[in-house]
Amino acid sequence: SPPGAKTEGQGSGGGGKKAQQDIAQATGDVCKVKPPDLKLQDAVVGFSQSEKEVNPFRIAETESIRSEAKKRNIEKLVYTNANSQASKQISDIRDMIAQDVDAIIVAPLLEEGMDPALNAANEAGIPVFLIDRETAGKPCEDYITFMGSNFYKQGKQAADLLADFTNENAQVAVLEGTPGASVTIDRTEGFEQQLEEYPDMEIVASQTGEFLRTKGQTVMEQLIQSNPDIDAVYAENDEMALGAIQALKDAGKDPGQDVKVVSIDGTEQAVQAIITGDINAVIETNPRFGPLAFDTIEDYLAGKPIPQKIIVQDDIYTKKNAQEKLDETY
Amino acid sequence: MDSGARPNKSLDASTVTSWVRGRGVYVAFVVLVIFNLIVTPNFASVVTLSTLLITVSPIVLVSLGVALTIGTEGIDLSVGSVMALASAFLPLYLGYGWPVGLSVALLVGVLAGLVNGSLVAFVGVQPIIATLAMLVGGRGLAQIFAGGQSLPVTDPVILWLGQGRLFGLPAPVIVAAVAVLVVGFLVRRTTFGRYVVAIGGNRSASYLSGHPVRRTLLAVYVISGLLAALAGVVATARLGASDPSNIGLLIELSAITAVVVGGTPLSGGRVKVVGTVMGALLIQLISNTFIANDLPFTWAQVLTAAIILVAVYLQKGRGVV
Amino acid sequence: MEQDSPILEVRRVTKRFPGVLALDGVSFDLRPGEVHALVGENGAGKSTLIKVVTGVYRPDEGQILFNGEEVTFAEPRESQAAGISTIYQEINLIPLLSVAQNVFLGREPRNSLGMIDKARMNRDAAEILERYGIRADVTAPLRSLGLGVQQMVAIARAISVDARAVIMDEPTSSLEAREVETLFGVIGQLREEGVGVIYVSHRLEELYEICDRVTVLRDGRVAHTGDLAELSRLQLIAHMLGRELSEVQEEGATGFGGEHETAREPVLVAQSLSQRPRLHEVSFDVHPGEVVGLAGLLGAGRTETAKAIFGAEPIDSGSVRVEGKDIKTGSPGAAIRAGIAFLPEDRKLEGIIPDLSVRENIVAAALPKLARAGLVSEKAQDDLVEEFMQSLGIKASSPNQPVRELSGGNQQKVLLARWMCMNPKVLILDEPTRGIDIGAKVEIQKLVDDLAAKGLGIILISSEVDEITEGSDRVVALRDGTVVGLLSEDEITESNLMALLAHGEDSGHGGQETREDADG
Amino acid sequence: MSTGSADTEGLGGSPAWRERLFTTLQRRGAIVVLILVVAVSAVVFDNFLTEQNLENIVLQGAFLGLIVVGMTFVIISGGIDLSVGSMVGLGGILAALTVQVSWPLALILPPLVCGLIGFGNGLLIARAKMAPFIVTLAGLLGIRGLALALANEKPIGIGGSSPFDWFGQGQILGISVPVFFVIIAFAVGGLVLARTSYGRIIFAIGGSEESARLMGLPVDRTKVIAYTTSGALAGFAGALLAARLSAGDPNAGLAWELDAISAVVVGGTLLTGGAGTMSGSLAGVLLLSILQNLINQLGTLGSYAQQVVSGFFLIIVVVVQAYLSRKER
Ligand SMILES: Nc1ncnc2c1ncn2[C@@H]1O[C@H](COP(=O)(O)OP(=O)(O)OP(=O)(O)O)[C@@H](O)[C@H]1O
Ligand SMILES: Nc1ncnc2c1ncn2[C@@H]1O[C@H](COP(=O)(O)OP(=O)(O)OP(=O)(O)O)[C@@H](O)[C@H]1O
Ligand SMILES: [Mg+2]
Ligand SMILES: [Mg+2]
């Protein structure tokens, strides 16, 4: 596979609950801004997606926003996609402002670099709602609120789970996401930090699989060859985990048994793999922001106070609950 | 299997150096193998070799097609997207049996090649632009047809193409080897091969010698599309699922690198089949080396660039003027 | 003049290419105010010597002295800056740029802001060209001009800089008589100004007209140096070929024999070929065993006619018949299958495939014949290649040598071989002996004769009047893309031909000036 | 070394004024298409001709525009520069790393370093006679790796509004600063290309490198300067982009080399070298920018459909040009 530079980043993986009430857990202060006099049905809402829909998470996220907009009969949904380019996301948002949208839902690409867009929206008096990734700036001032998962915490959870499965003694291979993506950074840092709690667990290799199944497979093939003693794999998304499983089987290992596998997202195929015993656990990241986002916009338009941060409660799938929760996956 | 000049029989010093220079890729490959033997744990094993060969197979398949297009002084940037197209279509028709699914997938590649080839040969669009458009649009189409989803492939015959073995040889390697032989034969033995290098060497002269310039160009892009589709099928089979968003992503860069590092000049007029295979092996081995030794991805990329430059530098020498 | 120290001196220079010793201890000197002829067979090393002197190649051994000081030029730019102006063998200009831009490339006149002064550049260029008797639209892209005019532009560019030495590698090979006269005028002027001129040509009569001394190269060595006046033509040829005088003596000026027996039914009929605005209703026929000469001044439409017949250029109307059957126009493939072969005039752009081997270049057109079901028969191919390399005396280190490494004349022979191995019924030769050495030229002329005797129909285009008059059984005279006359048998004399071509000189106008109205 | 491969046959023919008209159409084809597209968009979309939207279009194209100026030189000289996208990433990271030390340095260092890398590219291409495609392809890989390594694989925020930010977000006379720079770049680039000896030599090299060398033109130096300029402009674009984002993103400029090449080709420059105009390239950049804007105005196309539309658009423009240029012959 090519040694090329790329960023087809995956977003966070996603957990699978459907109802927004379940996922929302407001934290921090509330925000109260004076809204314009407008009904949601008459609003033109912009949605700035950060990356192409190349993985289940992004697909489910965009789909959720689109179908919810349709369901609620809103006037128009203006959809743009930044194709992983921060500069494009800014001009996308500015294009929406030029079109006089009434509210903008942004799935930010980067933590940094959104200032010019947020400023421009502010100047035009258009409220911005962030989903799935946070970005630098103050809630209530630069944007209304953030809704999403805590990737850092996901990394920590993964470390704890792996420790649990391996009796706190393992040679761990890490399959990282796209280099430079904030999801990758947080999930790696959370994992590494938490692993320090377990002195007998050692990371023997940490390589990027670029959130891709193919890449996850080839990288795992290489790693298992040069490090035959690997007995735990942390994959920062489900796709890479599925690729790694294939590679482990090819190398004569039994994933789930000889080699414990933990990954993040909660896609249907991954949870299915828990049932068949190839993956030990999956940490959920919920991509279905549609209902939550539009509820929040509705609250905002109604002049209700909005929490400054709405952190999604992510589930954990294991052998115990995989079967029953399978239809919550995406 | 080059169709260009073979070294002189009279072996003086300059001939020897120029022989070595023409084969920078072999030198680089051998050096890298030795390096790995010393440094990489468990490198000298059958498994390592077979993994290397399996992973390199799709690259070899697309590189062969790209080599042909480059031979005509063209290029095919669309191979990765054509792989994605084939991957998207494969599961859609597998319900009618594997022959149908496979044929449809390969046909899609042929079609993409026909579009590229027609634009190049009949409309006169520059190859890099024609295939760039296909690179951009083709993957979009693949995603639309597959609904952006990755669909599982369970047909045993198709899966065999990616995961099976014959006489202990991995199936993807067999597929790639057959393609190498066929293309090598085309280039060396057939009038078609001669037309390819003649067109690349001097299109007007080739035309005035009565060569079917347009037909040959069309055929070259169709072959490239077909090989890319085949690579897409193999990659899909290996994955056990279609993945139109990611299969073949950026493979055009690897392929072009393999072709050029293998001694086929971008200015056309020469096609080196064995060199191309070596080039593909070299760049795959580079990437394997970095992963197996857990070197950081970023520096791996920097070093890859350096190695490519050295390998190509070693074989320049056949200067102009 | 004798006591002047040389401007340029080459001392025991050796240059090797893989498998070839191109120059072997060559010494040479050029004095101010002399025109020094450099002659030798194809592949003797003339062009290589020039390239070594001007910094295109670096010599393996030996020294080069310019103005008495040793110099090593790394690039042509450096030799040019030092005062050596060179016209290389193939035209080396930029086809997509305008004539004026080509003349002034790299030394454009500028205005007070340091920007190119386009108006002045065009004016100056027109003026310079005018001085050399070239009337062409200086704003037209160079590639829209005929080869002859391009060559004159190259000469104008080279001479319009102040140089101490001017080197001309076969400058006249694509010129016809009028331009050659102009050029000689210019050379005379240079001589008066004390500039040294190195002059390479295969046309011996030209040498005697303008050269003072001569150096003969043979197989990379100097075979003779001395005053040209002291050598007879035959002696000169003897030096070039390395043969005894008596052996050479038997041969005539051209290799053509007498007339041919021709069949009654024409093998080729060109009917009313038109391609506005260059060709107008051109019709003529060729009988088996007949050599039909196409005569005309620069830009008269000879090449155009040949290409139209061969299908290399689309035509507006007209037809081509071979042995009574209409062939598809606009397709070289169809023409070749019908038995037509065409040796193009521009070797570099339309002839050789530079990176391919001699072998592959020779069999390029014959591939379909050598192949069964698309498979090339190596054996048949090698036999063919060997046969023609021998019969044409192609000088190459092996059939595997890339054709770009051959000398200009040998490249031409390779192209001839490409077409002769097709056993064509009609052979169109556009300037077949351009750049071919005297020995080979005679051979090629003989060959044309032999081929005609075997029953081929031949169309011969040549700017050399004796070639046309002695070689042709009939002559078709073209002017401005129109057939203006037909000469046969006894009528074919130089004066008749000249009268035909020159007639209407003052009323009509030649090809190179047709762009004058392009001022919009 | 691509001496006119396709159009060596068929020399000029039609009366001069017609030929000129077609040449002009072909060369200015992009501008003609641009005017058409603007006219149609103005009718279809209410918001298209608003001042704000037009400014968006121009600003969006500004960063790519800087790269396109350098790319135009390189492509006309018969080469190609695939490393510019990665240089944008590197330039941004260098700016982000140095802005804390001194903000002028953050503006100067990126073009300097990237210019130097471009200089290296140029040397390998001109001196070592390596293929531009492969040299700059290696650059594409290596420089991106370098940018990621320097950035520790994360975007680097530039907190606060130092004067540096002004270069990305400020305005001069109502014009965004990056737009101001790109106007200067196109103006200077256009003048150099059309009205200086250097520009003519670029054309000569693209037309026939061997001839240019034999004509005694400084081929190597000219090429090295072209690649150096291309690198420096890309580095500068990276710095400006960092100023605009208030952050250095190591993945910035990803795949921009393809956009830049498209813009140049859409602008009527031959990839084989030897012909082209700066105004065409400008029109090419604007066209790409407008296409993106229109897709956003529509606001309903999925990202896959957007890709298909982009590919199709590219082909349409190029086919129209191929048609025009064939007429010219
Ligand atoms: N670049 C090259 N590489 C290898 N061999 C070369 C090269 N250039 C010239 N030669 C060889 O050097 C010899 C001298 O060639 P050169 O071109 O100097 O001949 P010439 O006297 O100019 O002939 P002509 O009259 O045909 O132009 C030839 O045998 C030719 O094949
Ligand atoms: N009306 C014209 N407009 C533009 N170019 C012309 C015109 N007439 C002639 N030419 C140019 O001059 C050339 C003359 O045509 P052609 O080559 O057929 O003449 P020729 O008799 O073979 O002359 P030459 O000896 O130069 O080959 C054409 O190739 C063309 O480029
Ligand atoms: Mg010569
Ligand atoms: Mg002619």
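Keep in mind that the numbers below use all heavy atoms, side chains included, and drop hydrogens, waters and symmetry copies.
A side chain to side chain contact (heavy atoms under 4.5 Å, CB included) with B/I291 is found for exactly one of A/T218, A/V219, A/T208, namely A/V219.
Looking at every heavy atom in both residues, B/T51 comes nearest to A/Q225 through OG1-NE2, 2.7 Å. In this structure, B/A292 and A/S226 approach most closely via the heavy-atom pair O-OG, 2.9 Å. Taking all atoms of both residues into account, the shortest heavy-atom contact from B/R238 to A/D250 is NH1-OD2, 4.1 Å.
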Checklist entry - Do A/R213 and B/S150 pass the side chain to side chain contact (heavy atoms under 4.5 Å, CB included) test, and can you show the C-alpha distance, the side-chain angles, and the key distance before you say yes or no? => result CA-CA 10 Å; A/R213 194 187 292 200; B/S150 134; 3.7 Å; yes
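Residue contact with chain A, scored on non-hydrogen atoms closer than 4.5 Å, is absent for B/I286. For A/E176, no part sits under 4.5 Å from any heavy atom of chain B, backbone or side chain.
The backbone N or O of A/S206 sits less than 3.5 Å from a side-chain atom of B/D294, completing a donor-acceptor pair.
Rounded to the nearest 0.5 angstrom, B/I54 CD1 and A/Q217 CD are separated by 9.5 Å. Taking CD of A/Q207 as the start and CZ of B/F290 as the end, the distance is 10.0 Å to the nearest 0.5 Å. Between atom OG of residue B/S245 and atom CD of residue A/E239 there is a gap of 9.0 Å, rounded to the nearest 0.5 Å. Going from atom OG1 of B/T55 over to atom CD of A/Q222 covers 6.0 Å, rounded to the nearest 0.5 Å.
Options B/Q143, B/Q163, B/E252 differ in how many heavy-atom pairs under 4.5 Å they form with chain A, and the most are formed by B/Q163.
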